[in-house]
Amino acid sequence: MRGSKAWRYSGGALVLANNNRRKKLKYNQHHRRCGWLWPPANTAAMGKGQRRRISWAMVCGVILFALGLISLFTGHVASNLEWYSQKLVKHRFWYSKRGGFGHGPIDIWKSKASKFYYGCSERGPHYAPPVHEPLSNGYLLIAASGGLNQQRTGITDAVVVARILNATLVVPELDHHSFWKDDSEFANIFDVDWFISFLSKDIPVVKRVPDKYMRALEKLPYTMRVPRKSEPQYYLDEVLPTLLRRHVVQLTKFDYRLANDLNEELQRLRCRANYHAFRFTEPLHKLGHKLVMKMRNMANRYIAVHLRFEPDMLAFSGCYYGGGDKERDKLGEIRKRWTNLPDVLPDGEQRKRGKCPLTPHEVGLMLRALGFSNDTYIYVASGEIYGGEETLQPLRELFPNFYTKEILAGKELQPFLPFSSRLAAIDYIVCDESDVFVTNNNGNMAKILAGRRRYMGHKRTIRPNARKLSALFLQREKMPWTTFSSRVKSAQRGYMGEPDEMKPGHMDFHEYPSSCICKKPFNFSHLDNHRTTNDASSYGHNEGVNNRDSDTSSSLEENEDDDILLD
């Protein structure tokens, strides 16, 4: 029969007979060393190396046989025997980039790989000291744009731009005119003195331009707006000459105005600025950590979910959730505030492409399918939910231990209620301290926290694979729960916050700060700890994916005039 294949055993190798040809298939290294448990007859003719390999093979066979007996008499399954045999034969740590740490189950609460990574943003040995303020090339004013976390990305990049220009950075001005209309100043949210002192070894930072320069100006400071993701050379060619001539320059609407890929020293400066120079003011820090302690007192561990299901997010995404003409009209009115958004696609098309946030109910279903039980404590970070309490109710039913800053803080939250950025700071603190952080879109808070959690030891961060999950949610009622759960786990491989899920440089640096994450030297004592598995809180196999679905990446930051990059 054409195309027929027959397998047979021949001389220690598998041979495939396929009509007109034979093809010898190579065993992997383990099978070469441990696959033959008996020596060939003519060992005398063999070399010393061959006899040594056979001896190793016999040792492996004895070990495997012993482990089998343990399984038989104790009822304990000695799983993944190949891994143990490789450990003894190779005496090295086995790590598969595609499969993650072995092929064992993933602990949904903590990455087993986290112990091997740590944040590193130290200055290199040839890092030049900062220029002193009087000798700098001028004063750089920054007008940040958007919500708190969008502004944070802009300020982080402004620190790097000041370094590139040998300029003195003036404490940035926050956006008072975005969607949230928050009139908070930098000093209302961040510790200014800490910000200045921490960055003193990188750039000079001052609270305001000295009066002598301001009086010398004939008019308001010269303003410039640079293109998105500009390279350092652009700043040297276009901004520096103006700065040298005018001494004071303001860069407006400053968000995502610096290239993603920079040299290592500048990338590490980004990390020092983002993960160390920002420190919340004492009132915010105190309340945020009080909420964390309340969550910890109720449960040893908790999930923080950033729902991002507010009307502005849904309007910006152009997604439709079945609310008829009323929904279309309401979101359509909000959508008018942006003049350059693409046309809304037919109903359901955006969701099929993975461009829409999951509903609160879908977030709950995903978490339950992954293995989180209904007694899990969750903290929900969110503003005004589209649809209100009716939209939240299904999530509450799936996770009755449901808390928000409003529930936990009570009257203590009152002074912060008029200020959306300060409320966002409180959510940031509680989310950052959580055992598991779940994002629901690729906005700024999601990116900033995902990057920070990687930098701080790869705390578990889950991002829904919205494209694959949307198809599963449509079919939910047509399959039993076990099938649905299995398929959700499969869809989420590569989206669970494992260290090697993404290639360095492939994603936004704020989300994946690869230049600032180092691997610890390998220690053989890690091997036994590494294989420990908690079946009750684990799922599937770690098929860590090195590439994300290209159509799930957010295009929010690509709009030149939007000040949304919401949150």
Side-chain angles (χ1 to χ4, degrees), residues 147 179-181 303-338 341 344-369 372 374 376 378-408 413 417 420 423-424 426-427 430-431 438-446 462-464 466-467 469-477 488 554 556 564-567:
F179 182 85
W180 297 270
K181 301 293 187 296
I303 300 174
V305 181
H306 186 220
L307 277 181
R308 204 59 185 95
F309 203 70
E310 292 91 346
D312 62 305
M313 183 69 238
L314 304 189
F316 187 84
S317 66
C319 298
Y320 174 69
Y321 289 90
D325 291 340
K326 183 179 179 181
E327 176 181 316
R328 293 189 182 92
D329 293 343
K330 180 177 180 179
L331 299 183
E333 283 299 312
I334 299 175
R335 193 174 172 82
K336 288 178 182 178
R337 68 182 298 267
W338 299 287
L341 296 182
V344 175
L345 296 176
D347 293 350
E349 191 63 29
Q350 284 284 77
R351 283 171 63 76
K352 290 179 183 178
R353 297 184 181 186
K355 301 292 186 179
C356 298
L358 304 185
T359 67
H361 186 206
E362 290 168 343
V363 170
L365 287 174
M366 177 193 72
L367 292 175
R368 291 296 300 275
F372 293 102
N374 76 330
T376 301
I378 70 169
Y379 176 88
V380 174
S382 179
E384 175 199 355
I385 294 294
Y386 177 73
E389 187 59 33
E390 183 179 351
T391 303
L392 279 176
Q393 188 57 34
L395 177 59
R396 288 181 184 272
E397 291 174 356
L398 289 168
F399 293 96
N401 298 312
F402 176 107
Y403 293 91
T404 64
K405 56 184 175 294
E406 291 80 9
I407 295 173
L408 294 173
L413 199 64
L417 291 179
S420 60
L423 294 174
I426 294 169
D427 275 337
V430 185
C431 290
V438 182
T439 75
N440 193 22
N441 78 314
N442 203 29
N444 293 285
M445 184 169 173
I462 299 174
R463 177 188 172 195
R467 183 178 64 83
L469 291 180
S470 64
L472 287 175
F473 291 133
L474 289 174
Q475 300 294 319
R476 167 67 191 94
E477 301 301 326
V488 168
S554 172
L556 297 184
I564 180 177
L565 287 186
L566 303 165
D567 42 69

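Quick note: residue numbers are just sequence positions, from 1.
In this structure, F372 and I303 have side chains that are in contact, with non-hydrogen atoms separated by less than 4.5 Å. A heavy-atom distance below 4.5 Å is found between the side chains of Y386 and E327. T439 is not listed as a side-chain neighbour of R308, based on a closest heavy-atom distance of 4.5 Å or more. Residues L398 and L365 are in side-chain contact: their nearest non-hydrogen atoms beyond the backbone lie under 4.5 Å apart. Using a 4.5 Å heavy-atom threshold, the side chains of P357 and M313 count as touching. Looking at Q393 and P360, their side chains never come closer than 4.5 Å, going by heavy atoms from C-beta outward. Counting heavy atoms from C-beta outward, R368 and F399 have side chains that approach closer than 4.5 Å. The closest side-chain heavy-atom distance from R467 to K355 is not below 4.5 Å.
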Inset, instruction - Check the pair F309 / Y321 against ring-ring contact (aromatic ring centres under 6.0 Å, His included), numbers first and verdict last. - result: CA-CA 11 Å; F309 203 70; Y321 289 90; 5.1 Å; yes
Legend entry - Candidate pair F402 and V380, rule side chain to side chain contact (heavy atoms under 4.5 Å, CB included), full reasoning: CA-CA 7 Å; F402 176 107; V380 174; 3.4 Å; yes
Inset, instruction - Evaluate side chain to side chain contact (heavy atoms under 4.5 Å, CB included) for E397 paired with H361, printing each intermediate quantity in order. - result: CA-CA 9 Å; E397 291 174 356; H361 186 206; over 6 Å; no
Inset, instruction - Take S382 and H306 through the test side chain to side chain contact (heavy atoms under 4.5 Å, CB included) and record every step on the way to the result. - result: CA-CA 6 Å; S382 179; H306 186 220; 5.9 Å; no
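To the nearest 0.5 angstrom, N440 atom CG is 6.0 Å from L307 atom CG. Taken to the nearest 0.5 Å, the CD1 atom of I378 stands 8.5 Å off from the CG atom of N401.
Counted within 6.0 Å of CD on E390, heavy atoms from surrounding residues, nucleotides or ligands total 12 or fewer; the atom is thus considered open.
Across every non-hydrogen atom of V305 and V363, the tightest pair is CG1-CG1, 3.9 Å. Across all non-hydrogen atoms, the minimal contact from A304 to V430 is CB-O, 4.5 Å. Closest approach of A466 to C356, counting heavy atoms only: CB-O, 4.1 Å. Scanning all heavy atoms of the two residues, the minimum distance from G364 to L395 falls at CA-CD1, 3.6 Å. The shortest non-hydrogen separation linking P311 to E384 is CD-O, 3.4 Å. Of all heavy-atom pairs between M366 and L469, the closest is SD-CD1, 3.7 Å.
The backbone N or O of T359 sits less than 3.5 Å from a side-chain atom of E362, completing a donor-acceptor pair. D427 contributes no side-chain N or O that, together with a main-chain N or O of A381, makes up a donor-acceptor pair within less than 3.5 Å.
A salt bridge between E333 and R335 is absent, with no side-chain N of the basic residue lying under 4.0 Å from a carboxylate O of the acidic one.
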